Amino acid sequence: MIRSLFLRAGLLCVAGSALGIAGNALTPQPAPLGGRVVPAADLPGAACEEPRPGIAPISVEAAKPLCLACTAVFVDARSAEEYASGHVTGAVHLAPGESMEPLLARLRAAPAVIVYDRDRDCAAANGVAARLQALGLRDVRVLTGAWPEWLARGGPGESGACGACAVDGR
Amino acid sequence: MRRLRGGRPVTRWLLVATRIALGALFLWAAATKLPDMKGFAQDVANYRIVPALLVPCVAAAVVGVELLAGLALISGFMARPAAVVVAGLLVAFIAFVAQALLRGIDLRCGCFGGDEPASWWTVARDAAMLAAAIVMARDPGQRQPLLEDQRGRT
């Protein structure tokens, strides 16, 4: 009885999916079947245009030389999975709500700290930057355009887990 | 004379009203997405769960399933399997929205077209509909038409 019920539910799903995919072309603005649709925040220029008042913004063009000269520590405020799949070279991972303790000494020693995320409204970067400011760090900025813009403009990147966060606390 | 099968008449009518309301909601949800399937595909992509290449197919399939399940619930034909499908969809919707909220992803939910933001209210609303769908799926009376001749009964 249960098996029959789930079998009919499965058939309904298959029929509905076929109906949706076949009927898509008849709609005024069809979904681009066969094409790729990425999150809006990953499109260049779509993410983090303006940090909240009180937090200074920095553009990708201005931040790139600081990265290359190692005169700023970059903080990646996205999820650990997103960080592992690619981040600004040398960046440390620090998502909103995570403990700052292991990274604090390194961040305090840096001339500048640049926080980035991939949110349209800079939500994660704002959160982390505000906490860093509250801890007394003076030069904390949020990267406008965020990770998508950094990638699009050829900023240096790397992948892998964050050793600095968990191991030596540099 | 005709009577309702299974349970007290009032309970049965309540179940039927719930089934039709749930079906109408899903039909409405599909109808609001049809004018802008491209926009709905973008909403699906923003949840960061479905691979970019599969997003358009998943978006189109979801709307088709919503449409068919809504019609089935309203008409009463294959209502119980439709309730199972709707329950499955709602579990997926709740998981999609909850993970986005927990990850701090700010997005519109894509539930009924428009710009409604995803929030815990969205999760609560889906959970209420899920409860209704589960009741429908478990109700043996949904297997038969609502009304039947009382032939063979007194």
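Any value given below was found using the heavy atoms of this structure, including those in side chains, with hydrogens, waters and symmetry copies removed. Small disclaimer: the values here were computed from a predicted structure and weren't measured. Every chain is numbered from 1, with letters handed out A, B, ... down the list of sequences.
Taking every heavy atom of both residues into account, B/V85 and A/A9 meet most closely at CG2-O, 3.3 Å. Of all non-hydrogen atoms in B/L68 and A/L19, the two that sit nearest each other are CD1-CD2, 4.1 Å. Closest approach of B/L34 to A/T27, counting heavy atoms only: O-CB, 3.3 Å. The heavy-atom pair separating B/R48 from A/E82 by the smallest distance is NH1-OE2, 3.6 Å. Contact detail for B/P81 and A/R8: the closest heavy-atom pair is CG-CB, 3.7 Å. In this structure, B/A60 and A/N24 approach most closely via the heavy-atom pair CB-CB, 4.1 Å.
Residues A/S17 and B/V65 form a side-chain contact, since some pair of their non-hydrogen atoms from C-beta on lies under 4.5 Å apart.
Tracing side-chain contacts under 4.5 Å through hydrophobic residues (I, L, V, M, F, W, Y), one reaches A/M100 starting from A/V113; they form part of the same cluster.
For B/L67, the part lying under 4.5 angstrom from a heavy atom of chain A is the side chain only. If you measure heavy-atom distances from B/V55 to chain A, the contacts under 4.5 Å come from the side chain alone. Residue contact with chain B, scored on non-hydrogen atoms closer than 4.5 Å, involves the backbone of A/P30 exclusively. For A/A22, no part lies under 4.5 angstrom from a heavy atom of chain B.
Residue with the most contacts toward chain A among B/A61, B/A52, B/A30: B/A52 (heavy-atom pairs, distance under 4.5 Å). Highest contact tally toward chain B, considering only A/G97, A/P32, A/S4, is held by A/P32 [criterion: heavy-atom pairs under 4.5 Å]. Contact count against chain B (heavy-atom pairs under 4.5 Å) is highest for A/G35 among A/A95, A/G35, A/S79, A/G23.
Taken to the nearest 0.5 Å, the CE atom of B/M37 stands 10.5 Å off from the CG atom of A/L26.
A distance-only check finds a donor-acceptor pair linking the side chain of B/Q42 to the backbone of A/V38 [under 3.5 Å].
Other residues, nucleotides and ligands contribute only 12 or fewer heavy atoms inside 6.0 Å of the CZ atom of A/F6.
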